[in-house]
Amino acid sequence: MKNSTTPKRSEIAQSDKWNIELLFKNEEEWEAALASIPEGGKEILKYKEAFSKPETIDAATLLACLKASTGVDRIAEKVGNYAFLQKSSNEGDPENIKRLGKYMMTVTELSAATSWLMPSIMEIPEEKIRSWIDPSSPTGKDFADFKVSLEKTLHLKPHTLSDKEEKILSLLSEPHGTPSQAFSVLTNVDFDFGTITTKEGDIKLTQSSYSKFMQNPDRALREKAYKQLYGTYGAHKNTIASLYTGQVQQNVALAKIRGYGSAREKSLYVDKVPTAVYDNLVDTIHKNLKPLHKFYGMLKKHLGVKELRHYDVYMPLVSEVKKVTPYNEAVDIITEALKPLGEEYVKTIRDGLLNGWVDKYENEGKRSGAFSAGGYDSVPYILMNYKEDVIRDLFTLVHEGGHSMHSWYSVRNNPYPCYHYTIFEAEVASTFNEELLFRHMIKNTTDPKIKAYLLSVRASDILATLYRQTMFAEYEKITHALVESGTPLTVENLRSEYKKLLELYFGPEMVFEDVSDLEGMRIPHFYRAFYVYKYATGISASMALAERVCSGGDKEREDYFKFLKSGGSRYPIESLKLAGVDMASPAPVQAACDNFAKIVDELEKALEELKK
């Protein structure tokens with residue numbers, strides 16, 4: 001049911017909305033920029049004939065083509081940001097839907113018209129490109145803005161096929177998304193999970209409402225919702241297993257086609273991340289399961305149950321603390337928490353949070369959740385649905401602020417072709433800020449319940465990001481390895497492998513249901529293979545860096561800023577080394593596990609204090 005108290009978009013004060021006019025002053029200006037994109041595409045096409053003979057391309061031609069491509073790309077990014085932000089602020093507005101549709105059609109046509117460019121650049125003899133981008137060469141200065149992007153293009157060259165083969169793979173890219181799309185439609189649209197009878201009446205069980213049911217104090221209700229949801233998955237287990245098997249088989253086949261040793265190697269290669277980083281993560285977590293098992297033991301004791309069940313694990317150890325924090329007061333708290341990062345950082349984020357970066361409150365049709373989204377020619381906008389009586393929203397705001405400041409520094413220290421940082425790095429700056437806010441709030445609270453609540457929230461967040469995502473990452477590694485070794489995936493071995501991981505990670509306190517291993521069939525991230533491990537490595541890096549900055553001096557802080565300023569100018573392992581953390585080593589993950597163990601111990605003491 002629609003909440004009648006939710007205001008319409010037009011009823012939100014202008015000062016509480018993001019300043020979209022910093023992108024385009026009006027629709028006419030946006031339409032003009034949109035219309036210029038096809039013209040930019042035509043400008044790039046002028047070079048296609050010259051590139052048909054890559055061995056004869058000279059430095060001037062390549063440089064002119066790259067400048068033309070970058071120019072239209074930059075306009076398209078700005079046009080797209082405007083359309084995306086407008087739609088996010090009110091997804092029910094037909095004009096917003098129409099605007100985004102026009103943008104998508106335009107860039108799709110641009111992509112089709114310019115798809116020849118990257119393969120053509122790869123056909124240019126590598127020694128020629130390297131000589132042109134060499135800083136000591138006569139053309140080095142001219143190519144300075146494109147050096148990094150060209151080096152990354154050359155990095156992919158060993159696994160790039162002929163024009164004809166690349167065109168075939170390009171034509172298959174849309175059908176390759178069928179398993180993911182079918183899974184999404186099946187589980188989010190076609191599935192009917194029924195209703196759950198509560199004191200408030202019958203409530204429809206959905207993917208969204210399920211999480212709320214799992215935090216309901218009524219254990220019988222939690223059990224019913226759990227079994228009802230997984231009963232639906234169980235009824236379609238063969239179909240879902242077929243979809244996931246198809247996804248894994250595609251990943252394995254594409255890796256073989258491109259000459260990679262495995263699907264996992266292919267996924268990590270683009271960011272130049274060694275597979276050892278992935279293995280170190282899994283191995284280190286295996287050695288540090290004891291504090292995780294202790295956490296579940298504490299939960300069992302807190303709930304007062306003889307057996308901890310899978311439908312119990314999302315119950316909070318400390319109930320939500322009702323503390324009202326108006327938005328401006330939240331910004332004040334964040335300002336204090338981030339002081340270890342110095343005056344420029346604090347002043348910039350404070351000004352942004354108060355003056356035009358943030359769309360603060362919920363309105364009808366607004367996208368749920370939160371995100372940071374900016375571009376090279378815009379401020380790093382933040383979407384929030386801030387609630388003054390939800391302490392977690394403070395952490396959400398500082399998290400998105402971390403993303404935005406990462407973008408802010410990246411834009412100011414890199415040319416457009418290499419300002420985009422990778423997903424591997426993205427979660428570092430955001431969770432770094434969460435760690436600083438947690439440290440500040442826990443240090444400055446005198447209320448035992450708030451202290452226990454903060455410890456509980458932090459422990460749950462680390463558990464979900466570090467341990468939980470590693471479990472998912474391990475499952476992906478296992479399923480792909482099975483196919484690569486010639487073992488077909490079946491409903492039985494998918495469930496069996498997932499059950500082993502459930503038992504390993506949840507530990508001896510947990511008693512599972514017959515349907516618990518079906519959880520592996522409802523994780524949408526599995527259709528974007530070898531992605532989730534980045535959450536775990538990200539929080540590991542951020543906690544190590546937060547400790548380094550808070551316990552260090554000017555050098556440690558400046559090292560962290562080297563990372564923020566690096567943007568996409570380096571591969572992620574290299575940029576994090578600048579900050580002072582080596583993700584090729586198990587040390588950061590071990591430090592994160594040690595931090596989690598410390599928080600669990602402190603939480604145990606805080607809970608005992610509450611009983612007195």
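Counting from 1, the numbers follow the sequence of the chain as shown.
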Side chains of E474 and H286: donor-acceptor distance under 3.5 Å anywhere? yes

Locate the shortest heavy-atom distance separating E434 from H399; write the atom from each residue and the value. OE2-ND1, 2.6 Å

Hey, mind stepping through N251 and Q247 against side chain to side chain donor-acceptor pair (under 3.5 Å) and telling me if it holds? CA-CA 6 Å; N251 297 340; Q247 184 68 63; 3.3 Å; yes

Check salt bridge (charged side-chain N to carboxylate O under 4.0 Å, His left out) between K565 and all other residues, then give those that pass, not counting sequence neighbours. none

Please lay out, stage by stage, how T537 and V273 fare under the test side-chain contact (heavy atoms from CB on, under 4.5 Å). CA-CA 11 Å; T537 54; V273 175; over 6 Å; no

How are the rings of H155 and Y269 set relative to one another: parallel (under 30°), tilted (30 to 60°) or perpendicular (over 60°)? parallel

Using the side-chain hydrogen bond (donor to acceptor under 3.5 Å, both in side chains) criterion, which residues pair with E435? Sequence neighbours excluded. R439, R458

Least distance between heavy atoms, Y505 atom then L292 atom: O-CD2, 3.1 Å

Taking the ring centre of each residue, are F432 and Y560 less than 6.0 Å apart? yes

Check: F563 ring centroid to H406 ring centroid under 6.0 Å: yes

Holding to side chain to side chain contact (heavy atoms under 4.5 Å, CB included), I want the full list of residues that pass it with R99, two or more places apart in sequence or in another chain. E27, W30, Y82, A83, Q86, N96

With K141 via side chain to side chain contact (heavy atoms under 4.5 Å, CB included) - residues at least two apart: none

Smallest heavy-atom separation, Y345 atom then G401 atom, equals OH-O, 4.4 Å

Residues forming a side-chain hydrogen bond (donor to acceptor under 3.5 Å, both in side chains) with Y381, sequence neighbours excluded: none

Output, in order, the C-alpha distance, side-chain angles, deciding distance and verdict of side chain to side chain donor-acceptor pair (under 3.5 Å) for T479 and Y244. CA-CA 10 Å; T479 56; Y244 183 61; 2.9 Å; yes

Give me each pair satisfying side-chain hydrogen bond (donor to acceptor under 3.5 Å, both in side chains) with a member in residues 114-124, each pair once, sequence neighbours excluded. none

Got a sec, which residues hit salt bridge (charged side-chain N to carboxylate O under 4.0 Å, His left out) with K67, two or more places apart in sequence or on another chain? none

Look at E344 together with R557 and state whether they make a salt bridge at an N to O cut-off of under 4.0 Å. no

Using a 4.5 Å cut-off on heavy atoms from C-beta on, say whether the side chain of Y535 contacts that of H525. yes

Salt-bridged, D283 to K287, with N to O below 4.0 Å? no

Go through it in stages, so that I can follow the logic: the residues are E558 and K562, the test is salt bridge (charged side-chain N to carboxylate O under 4.0 Å, His left out), and I'd like the CA-CA distance, side-chain angles, deciding distance and then a yes or no. CA-CA 6 Å; E558 287 309 309; K562 288 176 184 176; over 6 Å; no

Kindly indicate, with the supporting measurements, whether the criterion side chain to side chain donor-acceptor pair (under 3.5 Å) is fulfilled by D73 and Y376. CA-CA 11 Å; D73 220 31; Y376 201 75; over 6 Å; no

Below 4.0 angstrom, N of the basic side chain to O of the carboxylate: do D134 and R130 qualify? no

Mind checking side-chain hydrogen bond (donor to acceptor under 3.5 Å, both in side chains) for Y467 and listing every partner two or more places apart, or none if nothing turns up? none

Derivation of the side-chain contact (heavy atoms from CB on, under 4.5 Å) call for M122 and E166: CA-CA 12 Å; M122 290 184 184; E166 287 292 341; over 6 Å; no

Counting heavy atoms not belonging to K157, are there more than 12 under 6.0 Å from its NZ? yes

Between the side chains of D461 and R392, is the shortest nitrogen-to-carboxylate-oxygen separation below 4.0 Å, so that they form an ion pair? yes

Which class fits the ring pair Y498 and F526: parallel under 30°, tilted 30 to 60°, perpendicular over 60°? perpendicular

Steps toward side chain to side chain donor-acceptor pair (under 3.5 Å) verdict (S372, S404): CA-CA 6 Å; S372 169; S404 288; 2.8 Å; yes

For V581 and A544 the tightest heavy-atom approach is CG2-CB, 4.2 Å

Test: side-chain hydrogen bond (donor to acceptor under 3.5 Å, both in side chains). Region: residues 571-594. Which pairs qualify, not counting sequence neighbours? N288-Q590, E425-S575, Q590-D594

Measure centre to centre between the rings of Y416 and Y419, then say whether the value is under 6.0 Å. yes

Donor-acceptor pairs are to be reported for all side-chain atoms of residues 105-113 against protein atoms at under 3.5 Å, with residues two or more places apart or in another chain.
residue : atom : partner : partner atom : Å
T106    : OG1  : K102    : O            : 2.8
T108    : OG1  : M104    : O            : 2.7

What are the two closest non-hydrogen atoms of S407 and Y421, and how far apart are they? OG-OH, 2.9 Å

Who pairs with K477 by salt bridge (charged side-chain N to carboxylate O under 4.0 Å, His left out), at least two apart in sequence or on another chain? D279

Closest non-hydrogen atom pair, L466 against T470: O-OG1, 2.5 Å

If the condition is salt bridge (charged side-chain N to carboxylate O under 4.0 Å, His left out), which residues does K272 pass it with, not counting sequence neighbours? none

Within a reach of under 6.0 Å around CD of E127, are more than 12 heavy atoms found that belong to other residues, nucleotides or ligands? yes

So I129 and F143, do their side chains get closer than 4.5 Å, heavy atoms only? no

